[in-house]
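I have placed the structure first, in the form of structure tokens, so that the comments after it can refer back to it.
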2 protein chains.
Amino acid sequence: MIEFFLDTISEIIELTEADKEVFINNCLIKKLKKRQFFLQEGDICKYAGFVSKGCLKTYTVDKNGDEHVFQIALEGWWVSDMYSHLTGEPANFTIEALEDCEIVVMDKEAREKILKEVPGYERFHRILLEKNYVATQRRVNSMLSSSAEERYLAFIEKYPQIVQRVPQLVIASYLGIAPESLSRIRKQLAK
Amino acid sequence: MIEFFLDTISEIIELTEADKEVFINNCLIKKLKKRQFFLQEGDICKYAGFVSKGCLKTYTVDKNGDEHVFQIALEGWWVSDMYSHLTGEPANFTIEALEDCEIVVMDKEAREKILKEVPGYERFHRILLEKNYVATQRRVNSMLSSSAEERYLAFIEKYPQIVQRVPQLVIASYLGIAPESLSRIRKQLAK
DNA sequence: TATTTTTCTTAACCTATATCAATAGTATTT
DNA sequence: AAATACTATTGATATAGGTTAAGAAAAATA
């Protein structure tokens with residue numbers, strides 16, 4: 001499944017066969033069964049991972065034990081707790097498989113090597129970061145300016161594949177509402 | 001006031017005198033009076049700016065004409081609509097001076113030159129982006145998991161200088177609540 | 001297939017925050 | 001100093017979305 005990983009990178013930067021070898025020699029494949037953890041809150045996030053198969057949720061747990069979903073990652077998405085990965089501090093996020101997964105992972109050492117040996121990767125990395133940042137800015141904005149119903153409509157527009165595959169209560173949490181509220185919103189919209 | 005700009009960058013990466021010249025030769029200083037715009041929604045964000053004096057708000061305007069504040073930027077902060085700046089598409093954000101400001105600005109061409117002539121700047125840029133991204137992740141999280149009162153308390157803890165300088169209605173908008181609600185929360189906390 | 005677990009829906013009720021309107025207090029501008 | 005903007009406060013009322021609880025439906029597991 002490393003093919004899909006290399007193809008995805010190739011969409012942004014050109015990779016030679018030699019470049020591809022660098023990735024293959026430095027990345028690992030992790031397999032997770034549904035409900036297993038890629039990362040647990042409090043652990044140090046050793047790996048950044050590219051989801052090559054399956055689906056995961058990234059979330060925090062508040063003082064009442066309630067989950068708040070930050071990200072839902074399908075194939076082609078990256079998962080990590082960036083803060084923890086960069087600083088070596090304990091992670092705030094938990095990352096858990098919603099389905100059986102295959103994840104291409106690299107630790108910091110592997111990334112250093114890739115950055116050194118595949119010069120274009122620096123650019124890929126920056127572009128990915130910029131895209132994620134802009135997307136997160138927009139999410140803040142939608143939370144500031146839109147109702148729950150508007151956010152749900154925007155979500156199904158933007159991520160129809162997620163709506164098909166992921167339990168509603170996970171989507172409700174991502175939107176910042178109770179699952180009962182999402183159920184009501186859907187009923188209302190069905191008319 | 002370019003001193004402050006150079007000093008701030010020097011806190012992250014070392015700059016030689018020659019490096020500093022590169023910045024001085026490629027950046028401009030923009031001055032804005034209170035209520036003037038650094039960027040207006042719909043325009044293309046030509047510049048990224050470093051606030052060397054004053055204070056600005058970055059916000060969107062919704063279909064009812066209501067403002068939603070994404071960022072409050074004091075001295076040392078950067079302002080831009082990153083999406084517009086990177087893609088050349090029209091900006092979603094408006095950036096407006098809350099006080100008379102001095103802003104060190106660079107356009108894309110200037111940045112290209114700086115990146116080429118000051119090799120460490122790439123690293124500075126990446127670190128800044130990473131920090132902003134992590135901060136924005138945390139903001140999403142606080143909106144998902146905390147009440148208005150909790151968010152306000154976290155805000156005054158994190159940004160006491162902003163509380164001193166910026167009208168409450170701007171802070172209320174940043175927190176995603178009505179100014180009346182913030183007023184009531186403050187009254188409640190005063191007890 | 002039967003059983004257990006998880007997810008979704010519905011209804012009744014509740015609460016945090018919004019909205020509207022009036023007033024008072026502060027800054028700016030003339 | 002007066003006049004004109006803004007900004008903050010307060011009270012009355014409204015509402016989106018939360019909470020609790022129960023049952024139905026769907027999915028996973030035995």
Side-chain angles (χ1 to χ4, degrees), chain A residues 32-36 54-57 59 62-69 72 96-101 142-156 162-191, chain B residues 32-36 54-57 59 62-69 72 96-101 142-156 162-191:
Chain A
L32 292 178
K33 290 271 174 207
K34 184 169 175 173
R35 267 162 246 259
Q36 286 184 325
C55 173
L56 304 97
K57 62 176 171 180
Y59 60 95
D62 69 22
K63 52 186 188 302
N64 308 316
D66 293 330
E67 281 183 27
H68 302 281
V69 173
I72 301 167
E96 181 183 335
L98 292 170
E99 303 173 2
D100 296 353
C101 290
S142 80
M143 296 178 90
L144 289 175
S145 58
S146 308
S147 67
E149 179 173 317
E150 288 168 329
R151 278 179 276 141
Y152 177 63
L153 286 170
F155 185 90
I156 58 180
I162 294 182
V163 179
Q164 309 295 348
R165 262 171 90 172
V166 169
Q168 264 183 52
L169 40 57
V170 176
I171 294 169
S173 175
Y174 179 95
L175 294 172
I177 60 178
E180 296 90 337
S181 299
L182 181 52
S183 186
R184 268 191 297 233
I185 287 167
R186 284 163 48 84
K187 189 183 179 188
Q188 173 62 27
L189 288 171
K191 290 181 202 163
Chain B
L32 292 179
K33 291 271 173 207
K34 185 169 174 173
R35 268 161 246 259
Q36 286 184 324
C55 174
L56 304 97
K57 63 176 171 180
Y59 59 94
D62 69 22
K63 53 186 186 301
N64 308 315
D66 293 330
E67 279 183 28
H68 301 281
V69 174
I72 301 168
E96 181 183 335
L98 293 170
E99 302 172 2
D100 295 354
C101 289
S142 80
M143 297 178 90
L144 290 176
S145 56
S146 308
S147 68
E149 179 174 318
E150 289 168 328
R151 277 178 277 142
Y152 177 64
L153 287 169
F155 186 88
I156 57 182
I162 294 182
V163 179
Q164 310 295 348
R165 262 171 91 170
V166 169
Q168 264 183 53
L169 40 57
V170 177
I171 295 170
S173 175
Y174 179 94
L175 295 172
I177 59 180
E180 296 93 332
S181 298
L182 180 52
S183 184
R184 273 189 275 256
I185 285 168
R186 283 163 50 84
K187 190 184 178 188
Q188 173 62 28
L189 287 171
K191 290 185 203 162

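Side chains included, hydrogens not; waters and symmetry mates left out as well; all remaining heavy atoms used. Reminder, nothing fancy here: chain letters follow the sequence lines and each chain counts from 1. Please read these numbers as outputs of a predicted model, since none were measured by experiment.
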**Study point:** N/O (side chain, B:Lys34) to phosphate O (OP1/OP2, C:dA27) under 4.0 Å
**Key:** no
**Study point:** B:Lys187 side-chain N/O to D:dG11 phosphate OP1/OP2 under 4.0 Å
**Key:**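 Yes, such a contact exists.
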Starting at atom [atom1] of [X], determine the distance to atom [atom2] of [N], rounded to an integer number of angstrom.
X        : N      : atom1 : atom2 : answer
B:Asp66  : C:dT19 : CG    : C1'   : 11 Å
A:Leu169 : C:dT5  : CG    : P     : 17 Å
A:Gln188 : C:dC8  : CD    : P     : 19 Å
B:Arg165 : C:dA27 : CZ    : C1'   : 17 Å
B:Asn64  : C:dA18 : CG    : C1'   : 13 Å
B:Ile185 : D:dT10 : CD1   : P     : 14 Å
B:Leu189 : C:dA16 : CG    : P     : 14 Å
A:Glu96  : C:dT6  : CD    : P     : 11 Å

Check your understanding: Is a side-chain N or O of A:Ser173 found less than 3.5 angstrom from the main chain of A:Val69, in a donor-acceptor match?
Key -> yes
Review point. Counting only distance, no hydrogens or angles, is the base of C:dT5 paired donor-acceptor with the side chain of A:Arg35 under 3.5 Å?
Key: no
**Study point:** Closest non-hydrogen atom pair, A:Lys33 against A:Ala97
**Key:**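 Where A:Lys33 meets A:Ala97 most closely, the heavy atoms are O-CB, 3.6 Å.
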Among [options], the one nearest [X] by side-chain distance:
X        : options                : value
A:Arg184 : C:dT9, D:dG18, D:dT9   : D:dG18
B:Arg151 : D:dG17, D:dT7, C:dT17  : C:dT17
A:Ser183 : D:dG17, D:dG11, C:dT10 : C:dT10

Exercise for review: Taking the side chain as every heavy atom from C-beta outward, state whether A:Leu189 and A:Tyr152 have any atom pair closer than 4.5 Å.
Suggested key: yes
Review point. Given side chains that start at C-beta, do those of B:Leu98 and B:Arg165 come closer than 4.5 Å, heavy atoms only?
Key: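 B:Leu98 vs B:Arg165: side chains apart.
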Exercise for review: Determine, stepwise, if the pair B:Ile162 / B:Phe155 fulfils side-chain contact (heavy atoms from CB on, under 4.5 Å).
Suggested key: CA-CA 9 Å; B:Ile162 294 182; B:Phe155 186 88; 3.7 Å; yes
Practice item. Give A:Glu180 one of three labels, base, sugar-phosphate or nothing, depending on what nucleic acid heavy atoms sit under 4.0 Å from its own. Key: base
Check your understanding: Which residue, B:Ala178 or A:Gln168, contacts DNA chain C at a nucleotide closer to its 5' end, judged by nearest heavy atom?
Key ->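 The residue closer to the strand's 5' end, by nearest nucleotide, is A:Gln168.
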